[in-house]
Amino acid sequence: MCGVVGVAAHEPVNQILYDGLTMLQHRGQDAAGIVTLQDGRLYLRKENGMVRDVFLNHHMIKLVGKFGIGHVRYPTAGTSSSAEAQPFYVNSPYGITLAHNGNLTNAETLAKELYIEDRRHLNTDSDSEVLLNVLAHEMQNLGKTHPTADDIFEAVKAVYSRCEGAYGVVALITGHGLLAFRDPNGIRPLIFGKRMAPNGGTEYMVASESVALTGSGFSIIRDVKPGEAIFIDLDHKLHTHQCVEQQEYTPCIFEYVYFARPDSIMDNISVYKARLRMGEKLADKILAEWGEDHDIDVVIPIPDTSRTSAMELALKMNVKYREGFMKNRYIGRTFIMPGQQQRKKSVRQKLSAVPLEFKGKNVLLVDDSIVRGTTCHEIIQMARDAGANKVFFASAAPPVKYPNVYGIDMPVRSELIASGHTVEEVREIIGADRLIFQDLDDLIDAVKDTKYSKVEGFDCAVFNGCYITGQINEAYLEHLQEQRNDTAKTGKKGVQIVADTPVDMMGIEEM
């Protein structure tokens, strides 16, 4: 999962972009990048690492301009090479730079078309570079030196006709303005807002999550609609256009389970309230299946994502809620770390148990989901080592049985603990005394239970194997397994192109 942000302001945007990316850091810790635009020139800084480490003071000073985009990244099928850090840039036409959250399911087909038919060279394995070159080619086909907003929307319409999968995109078109668009199903999130500048003008911001907007003083206008593009020209005039007919409005449900910050509003759904309802639903299921004599002394969340659900679960069941694990906030999220051994090693570095909350008690641990099961096993063992009498485990999400193809680094099927195993078998593998999962229907009800959202359904492919965009067959998933399994990730070298010093590349400066 990645995070994108774009800003059109009346003041320098470097600090706004930095703050926005910091608010989206949870969406990717592998790399970060910012591009700004001033006087027909682009200024770029990107590198592997956290936002605070990539952008030092001497980098920020050079990121001049009142328009800009930014990106935080973690790799899916690609590598963690700094060559694949975003935004990407092409010099023709106009000079376009782009950042992307999601995944193109037909990226390999498009890459071949770009080379054979469009005569465009790709320098990385990233599908985001593919998307950028498709956009650039369609902009080139306009044949116009000074395209209007309507012309740009025509080019985006052609992009929609070629690109399949999920995408939330921000792009800068040199000399013209800021462009953003979202996939026809709205699988990946994208939202925009505005604020008044000191000079009285209107400034705009678009981002993956609402917290990036509100954290910088922007008020929310609305979510970008599925299949819609927005364009802010250099005069700060906002243009919107429904480029393709909206398909079934089905955002990724895993955003609400795990990825999004609880203080975000996505598609008019409060992530916080959705997680509260997940806890209520899970409590109802525990009481129905385990009965009033469930033997639970205390409910303890596995920080941080499951806290909201665990609190409401404990309240509904009238059981004590306690913080039994303390988190080292300087260790990255294990889900994002490539390689099973690195994930396993980091668990005990990241979490430490408070023996007082475990000793002699029957403990219910609550997590947002169970993916590989490796960290669950380690955490359950930590609870036993801290003196727990019995350790029960509850997942706020259903069993994860299928890989994700829309931009989440969900493991291949062979690495998913619930794929091919019953609930009882999973319980034995992770070492819990009892195990319970949320039902999918209850999860959907928990997230959808609002009168404000126009969402029609959700992409639940990781739970039920139904891929919203279609055209995902067994051959595709087998090919995905070759790209994404841990062995492939740790052995892949990637293209190593790093520019640590300022360079001038046909109108773009990289710091």
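Heavy atoms only: backbone and side chains are in, while hydrogens, waters and symmetry mates are out.
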Trainee: Taking the side chain as C-beta and beyond, is there a heavy-atom pair between N185 and P226 under 4.5 Å?
Mentor: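 SC-SC contact between N185 and P226 ruled out.
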Trainee: Would you say the side chain of E203 lies within less than 4.5 Å of the side chain of H10, judging by non-hydrogen atoms?
Mentor: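 SC-SC contact between H10 and E203 confirmed.
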Trainee: Side chains of F218 and F192, heavy atoms from C-beta outward: is any pair under 4.5 Å?
Mentor: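 A side-chain contact under 4.5 Å is absent here.
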Trainee: State, yes or no, whether a side-chain contact exists between R27 and N101 at a heavy-atom distance under 4.5 Å.
Mentor: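 A side-chain contact exists here, since the closest heavy-atom pair is under 4.5 Å.
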Trainee: How about M266 and V271: do any of their side-chain heavy atoms sit closer than 4.5 Å?
Mentor: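 Yes; the side chains approach each other to less than 4.5 Å.
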Trainee: Please examine the side chains of D30 and N48, heavy atoms only from C-beta on, and report whether any two atoms are closer than 4.5 Å.
Mentor: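 Yes, their side chains come closer than 4.5 Å.
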Trainee: Would you name the heavy atoms of F67 and I232 that are closest together and state the gap between them?
Mentor: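 Of all heavy-atom pairs spanning F67 and I232, the closest is CE2-O, 3.7 Å.
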Trainee: Quick one: side chain to side chain donor-acceptor pair (under 3.5 Å) partners of Y249, sequence neighbours excluded?
Mentor: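 By the side chain to side chain donor-acceptor pair (under 3.5 Å) rule, Y249 matches D267.
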Trainee: Could you give all pairs that pass the side-chain hydrogen bond (donor to acceptor under 3.5 Å, both in side chains) test and reach residues 454-470, with sequence neighbours left out?
Mentor: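 Only Y406-T469 qualify under side-chain hydrogen bond (donor to acceptor under 3.5 Å, both in side chains).
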Trainee: Between Y160 and G227, which heavy-atom pair has the shortest distance, and what is it?
Mentor: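 Reported closest heavy-atom pair: OH-C, 3.3 Å.
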Trainee: side-chain contact (heavy atoms from CB on, under 4.5 Å) with V35: which of L17, L98, L172?
Mentor: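 Option passing the side-chain contact (heavy atoms from CB on, under 4.5 Å) with V35: L172.
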Trainee: How far apart are the closest heavy atoms of H236 and A9, and which atoms are they?
Mentor: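 Between these two residues, the closest heavy atoms are NE2-O, 2.6 Å.
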Trainee: Let me know which of I34, N14, L63, L56 forms a side-chain contact (heavy atoms from CB on, under 4.5 Å) with R45.
Mentor: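 Passing option: L63.
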Trainee: List the atom of I265, the atom of S210, and the distance in Å for their closest heavy-atom pair.
Mentor: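 Residues I265 and S210, closest heavy atoms: N-OG, 2.8 Å.
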Trainee: Looking only at heavy atoms, which two atoms of R73 and C2 are closest? And how far apart?
Mentor: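 Scanning both residues, the minimum pair turns out to be CA-SG, 3.8 Å.
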Trainee: With rounding to the nearest 0.5 angstrom, report the NZ to OG1 distance, K225 to T240.
Mentor: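 So the NZ of K225 and the OG1 of T240 are separated by 7.0 Å.
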Trainee: Is E164 reaching over with its side chain to a backbone N or O of A107, donor-acceptor style, under 3.5 angstrom?
Mentor: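 No; zero donor-acceptor contacts below 3.5 Å.
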Trainee: Between R188 and E255, is there a salt bridge with N-O shorter than 4.0 Å?
Mentor: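 A salt bridge links E255 with R188.
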Trainee: Quick one: does N404's side chain have a donor or acceptor within less than 3.5 Å of a partner on G407's backbone?
Mentor: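 Present.
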Trainee: Is D367 close to S395 at the side-chain level, that is, under 4.5 Å between some pair of heavy atoms?
Mentor: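 Not touching, per the 4.5 Å side-chain cut-off.
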Trainee: Which pair of non-hydrogen atoms, one from L21 and one from G70, has the smallest distance, and what is that distance?
Mentor: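 Scanning both residues completely, I find the closest heavy atoms to be CD2-C, 3.6 Å.
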Trainee: Looking at I69, V156, V170, which hits side-chain contact (heavy atoms from CB on, under 4.5 Å) with L179?
Mentor: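 The single option meeting the side-chain contact (heavy atoms from CB on, under 4.5 Å) with L179 is V156.
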Trainee: Do H241 and F181 have ring centres separated by under 6.0 Å?
Mentor: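 No, too far apart.
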Trainee: Are E378 and K350 ion-paired here, with the side-chain N under 4.0 Å from a carboxylate O?
Mentor: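 No, E378 and K350 are not salt-bridged.
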Trainee: Find out whether D127 and N103 are in side-chain contact, i.e. whether some heavy atom of one side chain is under 4.5 Å from a heavy atom of the other.
Mentor: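 With C-beta onward as the side chain, the pair touches.
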Trainee: What distance separates L238 CG from I221 CD1, expressed to the nearest 0.5 Å?
Mentor: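 That separation rounds to 6.0 Å.
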